[in-house]
Amino acid sequence: MGNETNKSYEYRVKKGYGKFFQGKGLDIGCGKSPLSSEIFTGITELVPYDNEDGQHENDGNTCSNLEDNSFDFVYSSHCLEHMDNPYEAFEHWVRVCKSGGVIFTSVPHEIFYEKSTWPSPFAPHYSSWTLEWESDLPKSINVLNFIKSFEDKGLVEKVLAETVLENFSFRNFFQDQTTGLAICQIDFVVRKK
């Protein structure tokens with residue numbers, strides 16, 4: 001999980017995504033590699049939030065030990081697909097973010113990572129994710145429809161949603177290239193209303 005964040009710094013810096021990481025942040029599912037305040041210098045404080053090492057109170061499904069409206073931004077990389085119910089979990093992520101703050105999420109791409117296979121051949125995921133179109137895989141979630149469900153509740157507005165392919169070889173399409181330098185994910189950012 002944390003490795004995907006480390007691999008993503010270069011393109012995120014090039015795209016100016018430091019603007020999303022300003023103030024006090026929460027990094028859900030960061031493992032031992034939380035978002036770097038040395039790279040994104042607008043981060044004034046970062047709270048790593050993971051249930052590793054028996055810290056089961058740090059549950060990204062509910063964020064039950066976190067107060068409402070307490071973070072300027074929420075970040076999560078390759079964690080939402082592990083949540084029991086991604087819709088409920090994400091609503092909690094929105095809950096703990098301040099109004100006007102952003103929730104920046106990365107999920108593996110169903111086509112380029114999961115290879116359009118369910119269950120995932122590479123990881124114990126509870127859901128798979130698409131952006132460009134809807135899939136008929138049993139646990140597939142389309143990112144645009146996912147965001148719209150929160151927009152319809154008046155909770156967020158979409159800032160961006162994009163497929164990211166970096167260091168990805170179509171010649172080796174059916175291999176798990178993420179064990180190396182490849183990135184094949186969907187990044188999406190919403191702003192809390």
Could you tell me whether a side-chain N or O of Tyr9 sits under 3.5 Å from a main-chain N or O of Ser36, the two making a donor and an acceptor?
yes
So CD1 of Ile183 and OG of Ser77: to nearest 0.5 Å the spacing works out to 9.0 Å
Q: Show the numbers, then the answer: is there a side chain to side chain contact (heavy atoms under 4.5 Å, CB included) between Ser33 and Asn6?
A: CA-CA 7 Å; Ser33 299; Asn6 292 339; 3.6 Å; yes
request  = Using a cut-off of 6.0 Å, state whether more than 12 heavy atoms not belonging to Leu165 lie near its atom CG.
outcome  = yes
inquiry  = A side-chain contact here means heavy atoms from C-beta on lying under 4.5 Å apart; do Gln185 and His109 qualify?
reply    = no
>> Taking the six-membered ring for Trp, are Phe150 and Phe90 closer than 6.0 Å centroid to centroid?
In response: yes
Practice task
Examine distances only and state if a side-chain atom of Lys98 and a backbone atom of Ser70 form a donor-acceptor pair shorter than 3.5 Å.
Solution key: no
All heavy atoms of Val190 vs all of Lys158, minimum pair found to be CG1-CA, 4.2 Å
Tightest non-hydrogen contact, residues Lys7 and Ala182, listed as NZ-O, 2.8 Å
Does the side chain to side chain donor-acceptor pair (under 3.5 Å) test come out yes or no for Ser135 and Glu110, once each step is laid out?
CA-CA 9 Å; Ser135 163; Glu110 181 180 292; 2.6 Å; yes
Taken to the nearest 0.5 Å, the spacing of Asp59 CG from Asp50 CG works out to 10.0 Å
Notebook entry, point to check: Could you walk me through whether Lys15 and Glu10 pass the salt bridge (Lys or Arg N to Asp or Glu O under 4.0 Å) check?
Noted result: CA-CA 9 Å; Lys15 289 189 165 207; Glu10 185 176 348; over 6 Å; no
Let me check something: do Leu160 and Val13 share a hydrophobic cluster, defined by ILVMFWY side-chain heavy atoms less than 4.5 Å apart, either directly or through other members?
yes
Scanning both residues in full, the closest heavy-atom pair of Trp118 with His125 reads CH2-O, 3.2 Å
Checklist entry - Are Phe20 and Ile39 connected in the hydrophobic side-chain network, where two residues link if heavy atoms are under 4.5 Å apart? => result yes
Just do the side chain to side chain donor-acceptor pair (under 3.5 Å) check on Asn65 and Asn58 with the steps written out, would you? CA-CA 7 Å; Asn65 58 345; Asn58 290 350; 3.2 Å; yes
- How about Tyr17 and Val189: do any of their side-chain heavy atoms sit closer than 4.5 Å? no
Evaluate Asn167 against Tyr11 for side chain to side chain donor-acceptor pair (under 3.5 Å), listing each step before the verdict. CA-CA 11 Å; Asn167 302 309; Tyr11 83 84; over 6 Å; no
- Axial cation check for Tyr126 ring with Lys139, 6.0 Å and 45° limits: no
For Gly16, does its backbone N or O pair with a side-chain atom of Lys19 as donor and acceptor, under 3.5 Å? no
Keeping Thr117 on the side-chain end and Ser120 on the backbone end, is there a donor-acceptor pair under 3.5 Å? no
For Phe73 and Phe71: C-alpha separation, side-chain torsions, deciding distance, then whether ring-ring contact (aromatic ring centres under 6.0 Å, His included) applies. CA-CA 5 Å; Phe73 71 89; Phe71 296 95; 8.5 Å; no
| Are Phe21 and Tyr75 near enough that their ring centres are under 6.0 Å apart? | yes
| message | Donor-acceptor pair, distance only, cut-off 3.5 Å: does the side chain of Asp72 make one with the backbone of Lys24? | response | yes
Self-check item: Shared hydrophobic cluster for Phe104 and Val47 (ILVMFWY, side-chain gaps under 4.5 Å)
Solution: no
Quiz item: With a 4.0 Å cut-off, would you call Arg95 and Glu91 a salt bridge?
Solution: no
Nearest heavy-atom approach of Asn142 to Leu131 is ND2-O, 3.3 Å
Closest non-hydrogen atoms of Ile147 and Val156, given as atom of the first, atom of the second and distance, are O-CG2, 4.3 Å
Ignoring hydrogens and geometry, is there a side-chain-to-backbone donor-acceptor pair from Ser76 to Ile28 under 3.5 Å? yes
Separation between NZ (Lys115) and OG (Ser128), nearest 0.5 Å, reads 13.5 Å
Candidate pair Glu134 and Asn145, rule side chain to side chain contact (heavy atoms under 4.5 Å, CB included), full reasoning: CA-CA 9 Å; Glu134 294 180 35; Asn145 292 340; 3.0 Å; yes
- [ ] Using a 4.5 Å cut-off on heavy atoms from C-beta on, say whether the side chain of Ser140 contacts that of Thr130.
- [x] yes
message = Over 60° means perpendicular and under 30° means parallel, so tell me whether Trp129 and Phe146 are parallel, tilted or perpendicular.
response = perpendicular
Take Thr178 and Phe168, measure what side chain to side chain contact (heavy atoms under 4.5 Å, CB included) needs, and give me the verdict at the end. CA-CA 9 Å; Thr178 64; Phe168 184 84; over 6 Å; no
| said: Quick one: does any side-chain atom of Asp27 pair with a main-chain N or O of Leu35 as donor and acceptor, under 3.5 Å? | reply: yes
### Task
Kindly say whether Gly154 contributes a backbone atom to a donor-acceptor pair with the side chain of Lys193 at under 3.5 angstrom?
no
Here the gap from His82 atom NE2 to Asn51 atom CG, rounded to the nearest 0.5 Å, amounts to 11.0 Å
Scanning both residues in full, the closest heavy-atom pair of Ser106 with Glu81 reads O-OE1, 4.4 Å
Main-chain N/O of Ser99 paired to Arg191 side chain as donor or acceptor, under 3.5 Å: no
**Asked** Are Leu46 and Leu66 linked, directly or through other ILVMFWY residues, by side chains that come within less than 4.5 angstrom of each other?
**Response** no
Requested in this report: Spell out, yes or no, whether Ile103 and Tyr87 are grouped together once hydrophobic residues are joined by side-chain heavy atoms under 4.5 Å, including indirect joins.
Outcome: yes
Does any part of the side chain of Leu80, heavy atoms only, come nearer than 4.5 Å to the side chain of Phe188, both counted from C-beta?
yes
salt_bridge(Arg12, Asp187) N-O dist < 4.0 Å:
yes
More than 12 heavy atoms of other residues, nucleotides or ligands under 6.0 Å from CD of Glu132: is that the case? yes
Polar side-chain atom of Thr41 near backbone of Glu38 as donor-acceptor pair, under 3.5 Å:
no
Quiz item: Any side-chain heavy atom of Val74 sitting closer than 4.5 Å to one from Cys97?
Solution: yes
Chi angles and distances behind the side chain to side chain donor-acceptor pair (under 3.5 Å) call for Asn172, Gln177 | CA-CA 8 Å; Asn172 300 315; Gln177 297 177 48; 5.3 Å; no
